[in-house]
Amino acid sequence: KDILNSFKDDERILFWDLYNEPGNTGQLNKSLPLLKAVFRWSREVGLSQPLSVSVWNYSADFDSLNKFSLTNSDVITFHQYSSLSDVKNIVDSLRKYNRPLICTEYMARTNNSKFETHFPYFKEENISCINWGLVSGKSNTIYPWGSKEGSSEPGTWFHDIFRQDGTPFDSSEVKLIREITHNK
């Protein structure tokens with residue numbers, strides 16, 4: 001509540017993503033009481049910005065968490081690291097909430113989640129999207145999940161856009177991003 005109170009009227013905050021991937025690491029519905037509490041605490045503060053908790057696992061095991069997150073979020077946010085057809089199915093299911101959509105995690109080249117397939121779709125559908133990796137480095141997101149420490153650089157990066165020297169992993173991706181965002 002202290003953080004929320006400190007920034008509850010800060011114009012730099014677009015929205016609050018209150019809880020990253022509830023139920024992850026095998027917790028499943030054990031996360032539901034904390035998820036409910038986080039929303040309650042946030043509403044008590046009286047934030048001027050919208051609230052959200054991203055849905056990220058679409059299996060039946062997560063139905064309770066997802067239902068609570070989606071019905072209590074002011075903005076619908078979601079994670080999706082797979083093919084465009086999977087993304088379209090998820091988006092179709094989320095449209096029924098009639099709220100703005102933001103894909104807060106995507107782009108995993110080796111999972112068939114790519115700028116050239118997903119970014120134009122998000123633009124066409126007026127869905128904001130966030131690629132959380134930018135420069136190869138500390139977070140090592142050029143490697144897919146489960147990679148062993150000390151692995152050599154993969155031929156196809158999992159995530160990230162730029163090398164540490166500022167050169168792009170794939171210059172055609174940067175060109176596409178600039179074209180779609182009108183940032184020539």
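Because only heavy atoms are used, hydrogens play no part in the values below, and waters and symmetry mates are left out as well, while side chains stay in.
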* To do: For Glu173, check salt bridge (Lys or Arg N to Asp or Glu O under 4.0 Å) against everything at least two apart and list the hits.
  => Arg109

* With sequence neighbours excluded, tell me which residues meet salt bridge (Lys or Arg N to Asp or Glu O under 4.0 Å) with Lys148. => none

* Asked: Which residues pass the ring-ring contact (aromatic ring centres under 6.0 Å, His included) test with His159, sequence neighbours left out?
  -> Trp132

* Just by distance, with hydrogens left out, do Thr104 and Ser54 show a side-chain donor and acceptor under 3.5 Å apart? -> yes

* To do: Among residues two or more places apart or on two chains, list those pairs meeting ring-ring contact (aromatic ring centres under 6.0 Å, His included) that have a residue in residues 7-34.
  => none

* By salt bridge (Lys or Arg N to Asp or Glu O under 4.0 Å), which residues pair with Arg163, not counting sequence neighbours? -> Glu153

* Could you tell me which residues satisfy salt bridge (Lys or Arg N to Asp or Glu O under 4.0 Å) with Lys8, sequence neighbours excluded, listed by chain and number? => none

* Identify, with sequence neighbours excluded, every residue that meets side-chain hydrogen bond (donor to acceptor under 3.5 Å, both in side chains) alongside Asn111. => none

* Mind telling me whether Tyr81 and Trp145 have parallel, tilted or perpendicular rings, with 30° and 60° as the class edges? => perpendicular

* Asked: Can you name the residues that form a ring-ring contact (aromatic ring centres under 6.0 Å, His included) with Phe78, not counting sequence neighbours?
  -> none

* To do: Sequence neighbours left out, what passes side-chain hydrogen bond (donor to acceptor under 3.5 Å, both in side chains) with Glu125? Give chain and number order.
  => Arg95

* To do: Any pair with a residue in residues 61-74 that passes side-chain hydrogen bond (donor to acceptor under 3.5 Å, both in side chains), sequence neighbours left out, goes on the list, sorted by first then second residue, please.
  => Arg43-Asp74

* Just grab all the ring-ring contact (aromatic ring centres under 6.0 Å, His included) pairs involving residues 48-75, residues at least two apart or on different chains. => Phe39-Phe68, Trp56-Phe62

* Taking only residues two or more places apart in sequence or in another chain, which ones pass side-chain hydrogen bond (donor to acceptor under 3.5 Å, both in side chains) with Ser113? -> none

